[in-house]
Amino acid sequence: MEETERPEILQLTDIKFSYRSGDFHLNIPNLTVLTGEKVAVIGPSGSGKTTLLSLAAGILTPKKGNVTIDGQVINAKGDKSRRDYRISNIGFIFQDFGLIDYLDIRDNILHPYRITKALKLDAEVKDRARLLADQIGIGNKLRRHPADLSHGERQRVAICRALLHKPKLILADEATGNLDPDNKIHILDLLFQTVQEQKATILAVTHDQELLTHFDRVINFRDFLSGGQDEK
Ligand code: ADP
Ligand code: MG
């Protein structure tokens, strides 16, 4: 039997966030993402798109308000528990990839499994890593190091790593930003295919106007910028 699915996978309510330094303030009265949705996030540079994904992943915690993932209030958890939750349940594709230079590509992809007990690295996972790497077109680069790959290839490694543990929530920070048009669509298809097969959900920051029609919905970040007249 399957678990009953919650209609919403991610909910941000009454969020107020600012960094320790600087004068950036983010207000999000309410943002809800439904299970299975493919949501694009757009907005000008510096408007807080990466900050939003970091809040949704529990990397950052809000000053006020709650981030709820699959019924669990993430910001109420302690640092370690938040990190374990993130590594096991969320697939985060970082804007700067976050690859580890001294590990080869295979070990980069498997890395999340080595840093938390919540994920178990077994033969099945290793097979899946290889398959995923093949699908995404880096299967013959597994013994290389990040420095020996192109920008686009590094990006694919980051995507592989983010998908391997079958996360229910995929947070992608301009995951197709540096790919050529054909690859862009290919990668997006792969992401969407994963979303469908794994009953996952994707929240993706993109600058790519032409990709927006592929998503179910677009959130414009401008709506959350404080300093606006309608939000305190
Ligand atoms: P975007 O992804 O939309 O380009 P970000 O979320 O990265 O925007 O950043 C939003 C704002 O917060 C920017 O003004 C940025 O300079 C600022 N910012 C980002 N990270 C930090 C930090 N660690 N400390 C202080 N300010 C930050
Ligand atoms: Mg950003």
Side-chain angles (χ1 to χ4, degrees), residues 10-33 37-69 74-75 77-80 82-83 86-87 90-100 146 151-163 167 169-180 183-184 187-188 191 201-212 214-215 217-232:
L10 172 69
Q11 207 160 17
L12 281 79
T13 43
D14 300 321
I15 296 288
K16 287 194 192 300
F17 175 83
S18 45
Y19 286 102
R20 238 173 266 161
S21 64
D23 55 3
F24 175 74
H25 301 285
L26 188 61
N27 277 339
I28 303 178
N30 182 31
L31 188 160
T32 301
V33 179
E37 263 195 311
K38 301 179 297 239
V39 180
V41 178
I42 58 168
S45 178
S47 59
K49 303 180 296 298
T50 296
T51 306
L52 167 72
L53 293 193
S54 304
L55 284 165
I59 296 169
L60 297 173
T61 50
K63 275 192 172 160
K64 283 191 180 155
N66 282 325
V67 178
T68 310
I69 301 176
I74 295 306
N75 50 288
K77 295 175 184 284
D79 284 353
K80 181 178 182 306
R82 233 172 38 241
R83 179 172 173 275
R86 170 167 55 86
I87 296 169
I90 295 174
F92 202 114
I93 305 164
F94 294 93
Q95 194 165 12
D96 58 4
F97 316 144
L99 301 181
I100 300 163
H151 201 75
E153 287 167 342
R154 285 203 287 276
Q155 197 156 32
R156 294 179 209 203
V157 177
I159 292 170
C160 251
R161 185 186 53 189
L163 296 184
L169 179 62
I170 299 166
L171 301 170
D173 205 350
E174 313 207 21
T176 57
N178 298 286
L179 302 172
D180 59 74
N183 264 318
K184 231 178 243 182
I187 296 293
L188 202 68
L191 279 171
T201 303
I202 185 166
L203 185 62
V205 170
T206 181
H207 271 126
D208 233 303
Q209 286 295 328
E210 64 200 278
L211 292 185
L212 294 183
H214 297 258
F215 287 85
R217 182 155 69 93
V218 178
I219 293 175
N220 192 336
F221 222 84
R222 231 180 266 279
D223 301 344
F224 301 130
L225 281 180
S226 73
Q229 279 68 39
D230 47 351
E231 290 287 341
K232 225 169 29 147

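Each ligand, and each atom within it, is numbered from 1 in the order the structure gives. From a predicted model like this one, the values you see are computed outputs, not experimental measurements.
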Is the number of heavy atoms from other residues, nucleotides or ligands under 6.0 Å of N30 CG greater than 12?
yes

Note, [X] side chain near [Y] side chain (heavy atom, < 4.5 Å):
X	Y	answer
R86	R83	yes
L53	F92	yes
V33	L31	yes
N183	R156	yes

Just to verify, which of V39, V67, T201 counts as forming a side-chain contact (heavy atoms from CB on, under 4.5 Å) with L10?
V67

The residue among I90, I202, I159 that forms side-chain contact (heavy atoms from CB on, under 4.5 Å) with I170 is I202

Checking Q155 side chain against A175 main chain: does a donor-acceptor pair fall under 3.5 Å?
yes

Say whether, by atom type as modelled, one donor and one acceptor occur between the side chain of K49 and the main chain of G43 under 3.5 angstrom.
yes

Amino acids in close contact with ligand 1, where any non-hydrogen atom sits under 4.0 angstrom away:
Y19, S21, F24, P44, S45, G46, S47, G48, K49, T50, T51

Keeping waters out of it, list the protein N, O or S atoms under 2.8 Å from the Mg ion (ligand 2).
T50 OG1, Q95 OE1

